[in-house]
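The structure appears below as structure tokens.
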There are 2 protein chains.
Amino acid sequence: MSDKRVTVIDIAKAAGVSKSTVSLVLQGSPLVNESTRTKVSAVMRDLGYVYNRGAANLRQTGSKTRIIGVVVNDLTNSFFAELAVGVDMVVQSAGFVQFLSNTSESIDRQREVIASMREHGISGLIVSPARGTAAADFKPLVAAGIPVVAVVRGLPGARISSVLSANMEGAIEAVRHLATLGHKRIAFMGGFANTEVFRERLAGYRQAMEDLGLGFSEDLVIASAPSRAGGVDAVGRAMAMPDRPTAALCFNDAVAFGACDGLRARRLEPGEDFAVIGFDDVIEAGTAVPALTTVAVDPQGMGRRAAQLLLKQINAGKPEPETIVTAVRLVVRESCGAHRGPVDVEQMRKKA
Amino acid sequence: MSDKRVTVIDIAKAAGVSKSTVSLVLQGSPLVNESTRTKVSAVMRDLGYVYNRGAANLRQTGSKTRIIGVVVNDLTNSFFAELAVGVDMVVQSAGFVQFLSNTSESIDRQREVIASMREHGISGLIVSPARGTAAADFKPLVAAGIPVVAVVRGLPGARISSVLSANMEGAIEAVRHLATLGHKRIAFMGGFANTEVFRERLAGYRQAMEDLGLGFSEDLVIASAPSRAGGVDAVGRAMAMPDRPTAALCFNDAVAFGACDGLRARRLEPGEDFAVIGFDDVIEAGTAVPALTTVAVDPQGMGRRAAQLLLKQINAGKPEPETIVTAVRLVVRESCGAHRGPVDVEQMRKKA
DNA sequence: TTGACATTTTGGAACGTTCCAATTAAACGC
DNA sequence: GCGTTTAATTGGAACGTTCCAAAATGTCAA
């Protein structure tokens with residue numbers, strides 16, 4: 001159809017005004033007369049004008065693009081998909097648009113993606129850092145005055161904001177619940193020790209065990225890959241111990257599912273012969289059999305929070321680092337055995 | 001730190017060459033001498049230069065931005081999240097970056113989002129249209145020469161490409177499988193008749209029934225919302241029929257899960273007293289109890305295909321509409337009862 | 001009529017890049 | 001040493017917008 005792009009000058013000519021006036025209309029300036037405004041708007045509609053943000057941005061001092069970058073480490077994980085949706089919701093209604101990229105936990109890819117986003121002139125960045133990300137990687141961004149919000153995983157050492165979940169409190173609550181049910185030997189299963197999230201959840205576990213007078217022992221911390229397979233492996237190691245645990249708080253839901261698989265493979269029923277609690281409350285947690293008792297964090301809410309914080313900082317000019325910790329809550333379902341009342345721990349020990 | 005953006009001119013000055021030469025280096029032109037190239041590159045690194053794509057794009061004829069827009073109707077649905085990941089994979093490795101937005105099935109939001117993307121100058125668009133999208137909505141895009149690929153749901157009437165799944169073939173295969181197990185009265189449950197996907201799956205069901213000599217009857221087509229609740233509803237209506245079906249092909253997995261719920265509520269066991277087959281193979285399908293037999297479509301693969309097609313069209317200049325149909329395959333698990341061999345249909349009828 | 005003031009409008013210059021035509025430098029054949 | 005080709009470099013004009021200072025227009029009081 002039209003081979004040439006229609007510009008502000010074309011509009012000006014057709015409406016019989018100057019390009020400056022058209023520009024004023026575009027930005028909704030109160031300086032322009034109402035009658036000319038309507039006239040110009042009509043012409044824009046007629047000619048099918050589309051605003052060229054790139055050109056505008058070029059002139060504008062600083063980067064006033066209304067683009068915000070979102071980098072997540074695993075979008076196939078519904079946790080992060082929900083998070084992205086939360087971000088999108090507030091970003092969209094603020095008239096921004098989001099660049100979304102997936103790093104698959106690759107630091108190289110993360111670097112590439114962020115570089116590419118910078119070239120496009122994002123006005124802010126929300127990132128759930130890939131494992132092993134160094135604080136220094138974000139130095140150039142903050143030096144350029146681009147606000148950055150780390151989400152889910154913090155970035156200690158960097159002067160950037162973060163939106164985290166109350167991992168420690170969640171772990172404490174979960175352990176307390178298991179203790180209420182009568183468990184005394186409670187394991188912490190899954191996850192790698194080199195992540196912030198692991199440290200926090202483990203710290204909560206440790207504190208709860210000590211506060212309850214059950215004592216903390218390294219033996220009951222059984223690290224493994226934070227995956228279903230890792231859960232199977234961990235539960236296997238737990239069962240091989242001389243003084244077996246009767247319950248476990250798992251690093252995340254994937255590990256918890258794996259733990260259930262592993263129990264079944266040994267003819268043990270999760271929630272009956274061994275109590276399992278997960279972390280995150282992924283979608284499948286409610287529909288699995290047995291339904292998983294887990295510490296729910298609200299990824300969509302975190303996404304929204306992160307976006308709000310970022311927008312605030314973008315508007316504020318000078319980004320002042322800030323940390324938000326979002327609450328979590330224990331969702332009691334079946335895998336912890338609570339639906340069948342207090343347990344006879346000795347009985348469970350014997351059977352397992 | 002640095003208050004002023006470092007530009008190509010700064011580099012030129014520092015390296016003792018002209019800005020044109022720097023530009024040539026930037027685009028990796030073979031015209032520039034190797035020694036100057038290395039010198040210029042070094043200076044760029046030292047000064048922390050970041051390329052300004054916006055400016056470049058302004059000069060370049062047409063919109064050569066390396067941005068592609070991705071619009072999905074429901075990112076919280078893991079099907080679409082997988083699709084987005086597939087797109088991201090190929091888009092990213094081609095040096096593009098993706099704008100991703102979620103419409104939540106709202107046509108208004110879809111319009112806004114696409115308008116915003118146009119302003120930013122996307123060089124192509126992948127869209128899974130919200131329900132009720134009119135072909136005309138994409139007229140301006142294609143008029144402007146921006147390639148568009150519809151994915152999952154086609155957009156009949158518009159001259160745009162699409163990447164669909166073999167819905168009809170999948171439905172045929174599912175019905176055949178149920179027939180093999182001995183079923184004769186097979187229902188088609190769930191979904192609304194006003195969608196393309198519904199029509200295709202239903203068409204497959206119909207053709208298979210006729211080919212197998214089981215006959216097609218409107219009575220056995222039980223429409224409902226394409227959700228879990230819709231499935232419960234549909235199975236209820238099926239059971240109230242005088243001449244009850246003994247099996248059902250469901251519009252999607254959500255409906256199938258709902259059907260299982262509904263059966264259980266009637267003390268019937270899915271896969272034992274009634275055979276259920278879903279469509280899509282969402283993640284939970286494998287872990288549910290009973291594991292769902294379903295027609296698997298590969299969303300990530302579709303995303304990759306769509307992105308490849310789009311990139312091809314972007315490079316080709318004039319986009320020539322093309323339709324790709326991706327294969328599906330029946331994944332036999334437990335909900336169809338196949339794991340217990342051929343069924344005694346009369347027995348099932350009596351029990352239900 | 002004139003100046004003072006408020007309200008609208010306007011021409012250029014700028015933003016950071018690419019493209020084009022033109023220039024310079026180097027190398028070659030004779 | 002001279003034209004001719006080849007290789008490398010360059011200045012300026014675009015691209016579509018916003019910003020600024022300045023100009024036009026209208027209104028009112030003296």
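This is a predicted model, so every value here is computed, not measured. Chain identifiers are assigned alphabetically (A, B, ...) following the order of the sequence lines, protein sequences preceding nucleic acid strands; residue numbering begins at 1 within each chain.
- Per the geometry, CG belonging to B:Asn57 stands 15 Å off C1' belonging to C:dC19, to the nearest Å.
- Rotation axes derived from the C1' atoms of the five outermost pairs at either end of the helix from C:dT1-D:dA30 to C:dC30-D:dG1 lie 50° apart, to the nearest 10°.
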Considering only distance and modelled atom types, tabulate donor-acceptor pairs under 3.5 Å from the side chains of residues 82-96 of chain B, sequence neighbours left out.
from	atom 1	to	atom 2	distance (Å)
B:Asp88	OD1	B:Gln92	NE2	3.4
B:Asp88	OD1	B:Gln98	NE2	3.2
B:Asp88	OD2	A:Asn102	N	3.0
B:Asp88	OD2	B:Gln92	NE2	2.8
B:Gln92	OE1	A:Arg109	NE	2.7
B:Gln92	NE2	A:Asn102	O	3.4
B:Ser93	OG	B:Met89	O	3.2
B:Ser93	OG	B:Val90	O	3.2

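- Residue A:Ile11 contributes atom CD1, which lies 17 Å from atom C1' of D:dT18 at whole-angstrom precision.
- Not one side-chain nitrogen or oxygen of A:Ser20 sits closer than 4.0 Å to the OP1 or OP2 atom of C:dG11.
- Counting to the nearest Å, the P atom of C:dG16 and the NZ atom of B:Lys13 are 11 Å from each other.
- Under the side-chain hydrogen bond (donor to acceptor under 3.5 Å, both in side chains) criterion, A:Asp108 pairs with A:Arg111, not counting sequence neighbours.
- Of the possible donor and acceptor atoms, none in the side chain of B:Ser162 sits under 3.5 Å from a partner among the backbone N and O of B:Val151.
- Residues meeting the side chain to side chain contact (heavy atoms under 4.5 Å, CB included) test with A:Glu320, sequence neighbours left out: A:Arg159.
- When every heavy atom of A:Val152 is checked against every heavy atom of A:Phe79, the shortest pair comes out as CG2-CE2, 3.8 Å.
- With sequence neighbours excluded, no residue forms a salt bridge (Lys or Arg N to Asp or Glu O under 4.0 Å) with B:Lys13.
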Short N/O separations, protein against nucleotides 13-15 of chain D, under 3.5 angstrom:
from	atom 1	to	atom 2	distance (Å)
D:dA14	N3	B:Arg59	NE	2.5
D:dC15	O2	B:Arg59	N	3.3

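- Applying the 3.5 Å distance criterion, the base of C:dG11 shares no donor-acceptor pair with the side chain of A:Ser18.
- Between the side chain of B:Ser41 and the main chain of B:Arg37, a donor-acceptor pair closer than 3.5 Å is present.
- With sequence neighbours excluded, no residue satisfies side-chain hydrogen bond (donor to acceptor under 3.5 Å, both in side chains) with B:Ser20.
- Between B:Thr21 and D:dT10 there is a side-chain N or O to OP1 or OP2 distance below 4.0 Å.
- Looking only at atom types and distance, the side chain of B:Gln27 has a donor-acceptor partner in the side chain of B:Ser23 under 3.5 Å away.
- Residues that satisfy the ring pair (Phe, Tyr, Trp, His ring centres under 6.0 Å) test with B:Phe99, not counting sequence neighbours, are A:Phe99, B:His120.
- In this structure, B:Phe138 has no ring pair (Phe, Tyr, Trp, His ring centres under 6.0 Å) partners at least two apart in sequence or on a different chain.
- Under the 3.5 Å distance criterion, the side-chain polar atoms of B:Ser123 are matched with a main-chain donor or acceptor of B:Thr65.
- Shown for residues 24-39 of chain B: residues whose heavy atoms fall under 4.0 angstrom of DNA chain C, namely B:Gln27.
- Residue pairs meeting the salt bridge (Lys or Arg N to Asp or Glu O under 4.0 Å) criterion with at least one partner in residues 126-135 of chain A, sequence neighbours excluded, are A:Glu105-A:Arg131.
- Contacts between residues 46-54 of chain A and DNA chain C, defined by a heavy-atom separation below 4.0 Å, involve no residue at all.
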